[in-house]
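The structure under discussion appears below in the form of structure tokens.
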Number of protein chains: 4
Amino acid sequence: MATFIEEARRRQIVEAAIAVLAHEGYARASLSRIAARAGISKSVITYHFDGKDEMFEAVFSHVADAAGAYMTPFLERAGDPAGQIAAYIRHQIAYMRDHRDELLAIGTLALNHGGASGTPDYIVRSAEEERTILTALVTDGQAAGQIRGDLDAEFIAGLISKTVEGGLSEWAWRPETDLSAYADQLIDLLERGMRADTKK
Amino acid sequence: MATFIEEARRRQIVEAAIAVLAHEGYARASLSRIAARAGISKSVITYHFDGKDEMFEAVFSHVADAAGAYMTPFLERAGDPAGQIAAYIRHQIAYMRDHRDELLAIGTLALNHGGASGTPDYIVRSAEEERTILTALVTDGQAAGQIRGDLDAEFIAGLISKTVEGGLSEWAWRPETDLSAYADQLIDLLERGMRADTKK
Amino acid sequence: MATFIEEARRRQIVEAAIAVLAHEGYARASLSRIAARAGISKSVITYHFDGKDEMFEAVFSHVADAAGAYMTPFLERAGDPAGQIAAYIRHQIAYMRDHRDELLAIGTLALNHGGASGTPDYIVRSAEEERTILTALVTDGQAAGQIRGDLDAEFIAGLISKTVEGGLSEWAWRPETDLSAYADQLIDLLERGMRADTKK
Amino acid sequence: MATFIEEARRRQIVEAAIAVLAHEGYARASLSRIAARAGISKSVITYHFDGKDEMFEAVFSHVADAAGAYMTPFLERAGDPAGQIAAYIRHQIAYMRDHRDELLAIGTLALNHGGASGTPDYIVRSAEEERTILTALVTDGQAAGQIRGDLDAEFIAGLISKTVEGGLSEWAWRPETDLSAYADQLIDLLERGMRADTKK
DNA sequence: GATGAATGAGATTTCATTCAT
DNA sequence: TATGAATGAAATCTCATTCAT
């Protein structure tokens, strides 16, 4: 049960996979390239993982779990719903800065991975989880009178999710993008757009 | 130079490619599958196109040009900048309804196509063109006092672009999505978020 | 529809596969070895056949059909049931002499081919067909009073089948085996063993 | 020289190999699968055996020796040659019932195992041994006037061998086969076919 | 203008074996 | 005595492309 070496290798492979996915894209993320990036032989990957699919699942879970774990405390601490939404956006975007490749990697996995049987469960579940959390925040905000009641909570949740991700792709595309400013602007714009005005 | 047959064949191939890209994804869009979908032999594709890359370029241009041509009149006609932005969003989203596969196809091309030398020029140029148009609209809106001057026009342009595309992916993911409602909500939210209030 | 070249290539591949199966066994009958034997590239095989399985099916059908076609007239011409059984044995064994590799090939396919889902249908069907024919002959012989009625027709049919095949493997194992003599002795022994004696 | 553990492990591995060979066939009998069936690690096999070939030799010898040891007393006890042949058939077939997997395993080994240098010696020798014993029995029967002198003893020996094995494959293929009845019918048929009639 | 045929490159995966511990 | 780790070889299959017709 030399879990140590095993874990180290798995992490090493996952990291190499993240790098290849982020920098070369899904279509080029072959076992050869990933192994080359990790400096190991191709068969080491199939030794430590059941196959390419299982490895990608490990990549996805590794990143998604870490991101989820990072976000949780901020959401809990952040006071009222509007504050929580702002916290969500701000910290998610802050997190991107330090985990660019990881998030790009799972992004491309979410978009491309999945064969004849459709998108893998763990990806679908992850997406739905995020959607559920955001929808609840919006609904709470509406109940608290902070967010206009006529807005469709699902729509807003989707919008937040897409625009936060948009920050990442903007940054990936244009490295000079200031992510903090992006977050600030996004929060400001959404708050103005969503807030229940005292008078219309 | 039997341009007629030539053109017909190219269109047929482009349409098959669109269908495969939209329904099976970039990674599965092989010449075999595209030829099979078109009911022709694989080598017909390499006869009419220089290779896979050139064919994908034709796909992209075909769709992007058509979408651009569709949008132009609406932008010109639409009065003030805020109205133009709304028109852009509304008509782009309306266009999606009738050209779902085409837009999904170029979406996946934009995200995945590109080899060692990076994203192809024609894709980059197309993205930048859209960005330029939107940025100009926002700048105009600011000049006209309709949009808050403290907003970064580039940021807003990117946001519009991403949220419009978001409508497509939302619809692709959840077919029950009402795209008209999506457009209305998006316009409403952005207008409130962007408008230069008479008093803060 | 250049069926000619297509057919020629398929036959060439099938023949190479037969040679490899017969001389090197199922376990060594890889596409590489078969292609090498045929003097072609590996991918020519997957071009002309859907895959290894389909190619093996072609091998099996090619041989089984030819053998069946060869046998039919002899069975029809051969008079009474006992004569037909003798004809079956004699001609089947005679056929072996000129089609050693083919029959060894489908023999090893019958024994080894088949993955998780069991033996392929076409092999099962072929085996059952032969069994049905032989069983019918035996039953006819019993009805005609030539074969003892207390014998289990199925058992005899299986015995004939196995002992005829036995001639092939005997010959493969010991090339000095005289197949004609083998057939004569087998017929003689079976006739004596099966015949309805006038008195016990 | 902890022969005890060593022997236990070897037996355990041999048994797992037998199970895999019998149920999944030669082509699927990989060290991985055998180790998995035994619930041990792959390298345990290569530790206790020099390699796959040596392990298969152990499998073959284990089964062939046990079957031989089982048969010997029956052959010695069984009176006249015809009785010995009947005993051989009956007890060999009876033995099959309790050792189905073992005999299927060495059957598939005999047919498939063997590389560039042909069938391994130990398999050839085992087959020849059986052939020798049977041939001697037939010759004895002829000398004793129980079996027609015009029969080729080698032929008969081969026939017995193949038809007895035939019982196993019949049973493997159709589990409802009654092996005792099979033995009875086979003995009856062979005796009638072989016996030196008082008058022709 | 069209396409069947061929093929090398490269993909994923299984495998037997070696080695260090 | 045992085994996790590693790996190169080889397996099947897919692919984009070239070529002859």
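Hydrogens, waters and symmetry mates are skipped; everything else that's a heavy atom, side chains included, is used. Each chain gets a letter, A, B and so on, in the order the sequences are listed, and its residues count up from 1.
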Return all side-chain donor-acceptor pairs below 3.5 angstrom for residues 17-31 of chain A, not counting sequence neighbours, or 'none' if the list is empty.
unit_1  : atom_1 : unit_2   : atom_2 : d
A/His23 : ND1    : A/Ala19  : O      : 3.1
A/His23 : NE2    : A/Asp101 : OD2    : 3.2
A/Tyr26 : OH     : A/His113 : ND1    : 2.7
A/Ser30 : OG     : A/Arg33  : N      : 3.3

Expected rows: protein N/O vs nucleotides 8-10 of chain F N/O, under 3.5 Å:
unit_1 : atom_1 : unit_2  : atom_2 : d
F/dG8  : N7     : A/Ser43 : OG     : 3.0
F/dG8  : O6     : A/Ser43 : OG     : 3.2

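- Listed by first and then second residue, the salt bridge (Lys or Arg N to Asp or Glu O under 4.0 Å) pairs that reach into residues 107-125 of chain C are C/Asp121-C/Arg125, sequence neighbours excluded.
- For D/Pro120 against D/Gly114, the heavy-atom pair with the smallest separation is CD-CA, 3.8 Å.
- The side chain to side chain donor-acceptor pair (under 3.5 Å) search around B/Ser126 returns none, not counting sequence neighbours.
- To the nearest angstrom, P of F/dA6 lies 13 Å from CZ of A/Arg10.
- Rounded to an integer number of Å, the gap from C/Ile13 CD1 to E/dA6 C1' is 11 Å.
- One interatomic measurement links the two molecules: NE2 of A/His113 to P of E/dA11, which rounds to 16 Å at whole-angstrom precision.
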Check: residues 41-50 of chain D side-chain donor-acceptor pairs under 3.5 Å, at least two apart:
unit_1  : atom_1 : unit_2  : atom_2 : d
D/Ser41 : OG     : D/Ser43 : N      : 3.2
D/Ser41 : OG     : D/Ser43 : OG     : 3.1
D/Thr46 : OG1    : D/Ser43 : O      : 3.2
D/His48 : ND1    : D/Glu6  : OE1    : 3.0

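- With sequence neighbours left out, C/Gln12 forms a side chain to side chain donor-acceptor pair (under 3.5 Å) with C/Arg9.
- Taking atom CG of residue A/Leu31 and atom P of nucleotide E/dA9, one finds them 20 Å apart after rounding to whole Å.
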Residues 58-67 of chain A side chain polar contacts: donor-acceptor under 3.5 Å, at least two apart:
unit_1  : atom_1 : unit_2  : atom_2 : d
A/Ser61 : OG     : A/Glu57 : O      : 2.9

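- Residue C/Ile5 contributes atom CD1, which lies 18 Å from atom P of F/dC19 at whole-angstrom precision.
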Quiz prompt | Worked check of side-chain contact (heavy atoms from CB on, under 4.5 Å) between C/Trp173 and D/Thr119 | solution = CA-CA 10 Å; C/Trp173 194 261; D/Thr119 307; 4.2 Å; yes
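- Among residues two or more places apart in sequence or in another chain, the side chain to side chain donor-acceptor pair (under 3.5 Å) test is passed with B/Ser169 by A/Lys162.
- Rounding to whole angstrom units, CZ of residue B/Arg28 and C1' of F/dC13 are separated by 13 Å.
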Practice problem: Report the secondary structure of DNA chain F in dot-bracket form, marking unpaired bases with a dot and bases paired to a different strand with |, and treating Watson-Crick or G-U pairs with both distances under 3.5 Å as paired. | Solution: .||||||||||||||||||||
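- Across residues 44-55 of chain D, D/Val44, D/Tyr47, D/His48 each have a non-hydrogen atom less than 4.0 Å from an atom of DNA chain F (numbered order).
- Nearest heavy-atom pair, C/Arg37 versus C/Ala16, reported as atom, atom and distance to 0.1 Å: CG-CB, 3.8 Å.
- Residue D/Arg9 places none of its side-chain N or O atoms closer than 4.0 Å to OP1 or OP2 of F/dT1.
- Atom-to-atom, CD1 of B/Ile40 to C1' of E/dA2 comes out at 10 Å; the value is rounded to the nearest Å.
- Rounded to a whole Å, the CD atom of A/Glu6 is 18 Å from the P atom of E/dT21.
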Sequence neighbours excluded and cut-off under 3.5 Å, please list the side-chain donor-acceptor pairs for residues 102-109 of chain C, or say none.
unit_1   : atom_1 : unit_2   : atom_2 : d
C/Thr108 : OG1    : C/Asn112 : ND2    : 3.2

